[in-house]
Amino acid sequence: MVVLDSTVVNVALPDIQRSLDFTQASLTWVVNAYLVTFGGLLLLAGRIGDRFGRKRVFLVGMAVFTVASVGCGSASSAELLIVARLVQGVGAAIGSSVIVAIIVTEFRAPRERGTAIGFFSFTGSAGGSLGLVLGGALTQAAGWHWIFFVNVPIGLVAACLGALVIDESEAHRNREAFDVPGSILLTAATMLAIYAVVNSDAAGWGSPETIGAGCAAAALFAAFMGAQRHTSNPILPPRLLRVRAVYASTLVRALLYLGLTGQFFLGTEFLQRVVGFGSLGTGLSYLPSAATIALLSVSLTPRLVARFGTRPLLLAGLSLAIAGLLLFARAPSHASYATDLLPPLVLIGAGAGLSFMPTIMLGMSAAAPADAGVAAGLVNVSQQLPGAVGVAVLATIAASRSRALRVTGALPHAALTAGYHLGFLLAGGSVLLGLLVAFVAVDGGKH
């Protein structure tokens with residue numbers, strides 16, 4: 001639900017705009033409001049889980065998310081929908097921030113833990129493409145309200161099962177003073193950074209609004225890092241960032257998500273605006289990629305990691321993703337799905353299916369049990385924030401390239417295609433940089 005709701009609204013935006021009288025400028029906040037609170041509260045929510053109990057925090061998050069979904073589907077004005085999406089992002093952050101920590105504490109055996117993280121990796125990486133399919137189908141069949149109402153029965157089932165089968169963590173017995181100043185600084189810095197990124201598409205990267213938010217985020221984060229050295233129970237323990245496996249896996253995961261999320265956004269645009277697919281057809285075209293991720297994440301990758309370790313699988317996965325992105329950058333405007341689009345999509349899916357699980361296991365295996373929640377928050381932040389950056393940066397560069405070619409006399413269709421191709425190449429470059437970091441900084445041990 002959490003991943004779906006970051007993309008499920010995309011195909012329903014035209015219907016939402018007509019129904020609630022959104023302006024074109026304000027329409028983007030149906031997506032961005034969710035991303036700002038979701039990404040901004042992940043680390044704080046993870047630390048709260050370490051302090052007060054992860055099961056408790058998970059159930060609170062599910063409750064907030066489910067109630068907010070009712071608010072989204074029932075919204076009768078643009079303002080109410082944006083507020084409900086903000087609250088929905090809060091619930092998503094609270095609930096999802098502790099999931100990886102719950103997995104690594106509930107599943108002790110390496111094989112079982114690998115399988116569980118494989119399922120988690122699949123939901124995180126394939127949820128975006130499934131969201132496009134589900135959003136298109138629900139919008140066409142029942143109206144845009146149901147892209148939110150569908151969360152309600154799923155949320156109720158998840159909360160009931162969570163209450164029954166999840167064991168509470170022991171960390172809630174820790175009664176040290178909670179790091180309130182650090183929590184405020186970190187949350188404000190993260191939310192401002194995400195706001196600067198997601199708003200840059202409309203305001204521009206060089207606008208005073210974007211630069212001001214970015215500078216304020218940097219200043220707050222610097223103040224936060226300074227404060228963490230002088231508190232007894234920091235929200236982001238400096239010792240965690242000094243662990244090589246943690247910072248290396250976080251950087252690799254960030255570069256991977258920057259490239260793949262940017263490609264996902266530009267790829268859907270390319271299929272609709274250049275190749276001529278409809279919204280539902282675009283979502284369906286990504287299903288082979290999602291199926292490949294599922295096959296690898298759930299069944300094959302856990303066994304391969306248990307046999308060969310995380311590093312070989314990570315290097316192989318990143319290499320496949322790069323190959324897929326470079327092939328996608330060669331797709332012509334008259335692309336055939338079977339020959340020009342399906343092979344790179346499957347390669348990208350294979351790369352994601354082999355890469356996501358090792359990056360999670362690397363970071364979580366090196367974290368102490370008391371820091372599992374904040375380490376899980378880092379996993380989520382290193383997906384959400386780079387994903388938002390990837391969409392904003394690559395979309396801006398692709399659009400600039402297309403405009404420049406139009407000025408020189410290129411035909412609109414050719415200019416549009418060339419802009420997307422540049423975006424795909426840069427996405428591949430981001431993953432290539434992640435491959436270099438993994439090659440240099442990730443050790444060859446089994447995790």
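As a basis for the values below, the full set of heavy atoms in this structure was taken, side chains included, without hydrogen atoms, waters or symmetry mates.
- Evaluation of the ring-ring contact (aromatic ring centres under 6.0 Å, His included) rule for Phe65 yields no partner, not counting sequence neighbours.
- For the pair Ala438 and Leu314, the tightest heavy-atom approach, listed with the atom from each and the gap, is CB-CD2, 3.9 Å.
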Between Phe356 and Phe120, does the ring pair (Phe, Tyr, Trp, His ring centres under 6.0 Å) criterion hold? Intermediate values first, please.
CA-CA 9 Å; Phe356 288 146; Phe120 175 80; 9.9 Å; no

Sequence neighbours excluded and cut-off under 3.5 Å, please list the side-chain donor-acceptor pairs for residues 342-350, or say none.
none

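- In terms of heavy-atom proximity, Thr105 sits nearest to Arg54 at CG2-NH1, 3.5 Å.
- Between Tyr337 and Phe277, the ring planes lie tilted relative to each other; the angle falls in the 30° to 60° range.
- Applying the ring pair (Phe, Tyr, Trp, His ring centres under 6.0 Å) test to pairs two or more places apart or on separate chains, those with a residue in residues 138-169 are Trp146-Phe149.
- Nearest heavy-atom pair, Leu354 versus Thr301, reported as atom, atom and distance to 0.1 Å: CD2-OG1, 3.6 Å.
- Of all non-hydrogen atoms in Ser355 and Gly351, the two that sit nearest each other are OG-O, 2.7 Å.
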Step-by-step side-chain contact (heavy atoms from CB on, under 4.5 Å) determination, Leu220 to Leu192
CA-CA 9 Å; Leu220 288 173; Leu192 276 171; 3.6 Å; yes

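- For Leu362 against Ala245, the heavy-atom pair with the smallest separation is O-CB, 3.7 Å.
- Rounded to the nearest 0.5 Å, atoms CZ (Arg311) and CG (Leu313) are 12.0 Å apart.
- A cation-pi contact, defined as under 6.0 Å to the ring centre and within 45° of the axis, links Arg85 to Tyr34.
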